[in-house]
Amino acid sequence: MRRRPLTWLIPALATAAAVTATVVLVPGGEGRDPDGRTAPAAHGERPAGKGKPDARDVVLAVHGGAGTALDRDKTTPEREKAYRGGLAEALKAGQKILDKGGSSVDAVQAAVQRLEDNPLFNAGKGAVFTADAGHELDASIMRGSDLKAGAMAGVKSLRNPVAGARAVMDKSPHVLLSGEGADDFGARHGLKTVTQDYYWTQARWDALMAAKEAERGGKGGRKGSADSPAAVADAQSKGTVGAVAVDGRRDLAAATSTGGMTNKLPGRIGDSPLIGSGTYAKNSTVAASATGAGEVFIRGAATSTISNLMEFKGVGVATAAYEVIVKRLPGLGGDGGVIALAPNGEFDAPHSSPGMLHGYLTKGGKVVTKIFPDETPPNS
């Protein structure tokens, strides 16, 4: 299957439909670790996480990216509804499977696919642009019962990269396929394919233009205000999506999908398709999906380290996730967050970034979404 060079895409961008998104960074201070000591905050922001579970009896959780902190004062009711609705729809897609006795693997795939189809998030339809105005998408999935996993990196024509990752896990002897080989593998196994213009959105194009302006030292540069085009571009780069679940057999699963970083070099691969960095699931410990500064999560082996702390140090899921996300990774030069679910239903979502869009579903059917910093769960 021959592919046209990415230069064909640029003339078509001017006439594409517009999808707008507004995100801002929120300043803060320092946090506390579980022992009460002051924990360093990344980039002067206030980390979220307390070393105690955010919720219990959780069966499914999703995230829509760290770094994207919505401002209550600047977010319209329509925008809030769209973000909460996107997270809730993903949770309900997974809930349908779990309620019928389906597997956690099927549930996380269904949830992530719903987020990939939503242009608000940096995955699938809403993927960000590379430096040459193209799209290269990554995804992974892992099953906790036997540590089977599959992943794809740098795909350019699959509508749902997480479905490609699942195909690699189920239908090949490999864990990770990349580039044209990954695209062709997905197509051969009947997955939906698209042309590059499918991924185009106005918000992501504007973010690329802001990043280009920042490179040139223009007024959209990184030193501008929190809601400058460059800051918005940086925040939108972190809109990775993911899901974790535990099913009726107490089997864990996790999946992650992303469009990567705005203005990234072609061929760049982050943590999302790397098992043990962006995604990990092991029945005896945790299902985890990460989002944030990919290079730092790779160097810190973020998700597998959470599992190792639980297995070898005997700490709980919240303590382990806090240790990695809030205490360790910022020291490596980047921020982000994770959703982490233990087999007993204990759930935590710590982040060292200004915010993290996420939500969860409890065993009793309660759906909770969090899109603002320091948001407490509603009673409904």
Side-chain angles (χ1 to χ4, degrees), residues 33-34 39-40 42 47 49 51 61 63 65-67 108 138-144 146-154 162 165 168-169 174-178 237-238 240-244 252-258 260-261 264 268-343 347-353 356:
D33 70 18
H63 69 73
V108 295
D138 308 327
S140 62
I141 194 166
M142 187 170 186
R143 185 168 60 215
D146 57 4
L147 304 187
K148 286 274 288 183
M152 284 193 165
V162 72
V168 172
M169 182 176 76
H174 308 302
V175 171
L176 174 62
L177 295 179
S178 67
S237 293
K238 299 175 181 175
T240 296
V241 306
V244 294
L252 292 172
T256 311
S257 181
T258 189
M261 298 171 61
K264 66 181 179 180
R268 179 265 185 184
I269 296 172
D271 65 306
S272 295
L274 302 185
I275 302 304
S277 296
T279 302
Y280 199 74
K282 188 174 185 178
N283 271 10
S284 60
T285 55
V286 70
S289 174
T291 170
E295 281 71 13
V296 170
F297 279 69
I298 294 170
R299 290 162 53 210
T303 52
S304 61
T305 299
I306 293 172
S307 175
N308 290 339
L309 285 172
M310 295 176 69
E311 181 174 0
F312 301 118
K313 199 173 180 180
V315 302
V317 64
T319 299
Y322 185 96
E323 169 75 22
V324 172
I325 300 301
V326 178
K327 295 177 65 178
R328 296 190 183 191
L329 293 189
L332 296 179
D335 58 18
V338 69
I339 51 174
L341 179 64
F347 169 75
D348 197 32
H351 52 89
S352 55
S353 56
M356 181 170 70

Any idea which heavy atoms bring [X] and [Y] closest together, and the distance?
X      : Y      : value
Gly334 : Val296 : N-CG2, 3.6 Å
Tyr280 : Thr303 : CB-OG1, 3.5 Å
Ala151 : Ala165 : CA-CB, 3.8 Å
Met310 : Ala320 : CG-CB, 3.7 Å
Gly154 : Asp138 : N-OD1, 2.8 Å
Ala288 : Val338 : CB-CG2, 4.0 Å

If I take atom [atom1] from residue [X] and atom [atom2] from residue [Y], how far apart are they, to the nearest 0.5 angstrom?
X      : Y      : atom1 : atom2 : value
Ser140 : Met152 : OG    : CE    : 12.0 Å
Leu309 : Ile306 : CG    : CD1   : 8.0 Å
Leu176 : Ile275 : CG    : CD1   : 8.5 Å
Ile339 : Phe347 : CD1   : CZ    : 5.5 Å
Phe312 : Thr285 : CZ    : OG1   : 9.0 Å
Ile325 : Thr291 : CD1   : OG1   : 9.5 Å

May I ask you to check whether Thr256 and Ser272 show a side-chain donor-acceptor distance below 3.5 Å?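 No, because no side-chain N or O of Thr256 sits under 3.5 Å from a partner of the opposite role on Ser272.
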Could you tell me whether a side-chain N or O of [X] sits under 3.5 Å from a main-chain N or O of [Y], the two making a donor and an acceptor?
X      : Y      : result
Arg299 : Leu332 : yes
Ser289 : Ala255 : yes
Asn283 : Leu252 : yes
Ser304 : Gly276 : yes
Thr305 : Ala301 : yes
Asp271 : Ile298 : no

Step by step, work out the side-chain contact (heavy atoms from CB on, under 4.5 Å) result for Val168 and Val175. CA-CA 6 Å; Val168 172; Val175 171; 5.7 Å; no
Evaluate Met142 against Lys148 for side-chain contact (heavy atoms from CB on, under 4.5 Å), listing each step before the verdict. CA-CA 6 Å; Met142 187 170 186; Lys148 286 274 288 183; over 6 Å; no
Are any of the side-chain nitrogens in Glu311 or Lys282 under 4.0 Å away from the carboxylate oxygens of its partner?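 Yes, this pair counts.
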Go through the steps for Val108 and Ile141 under the test side-chain contact (heavy atoms from CB on, under 4.5 Å), then give the verdict. CA-CA 8 Å; Val108 295; Ile141 194 166; 4.1 Å; yes
What verdict does the side-chain contact (heavy atoms from CB on, under 4.5 Å) test give for Val286 and Leu341, after you've listed the backbone C-alpha separation in whole Å, the side-chain angles of each residue and the deciding distance to 0.1 Å? CA-CA 5 Å; Val286 70; Leu341 179 64; 5.6 Å; no
4.5 Å side-chain heavy-atom contact, His63 and Thr240: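 In contact.
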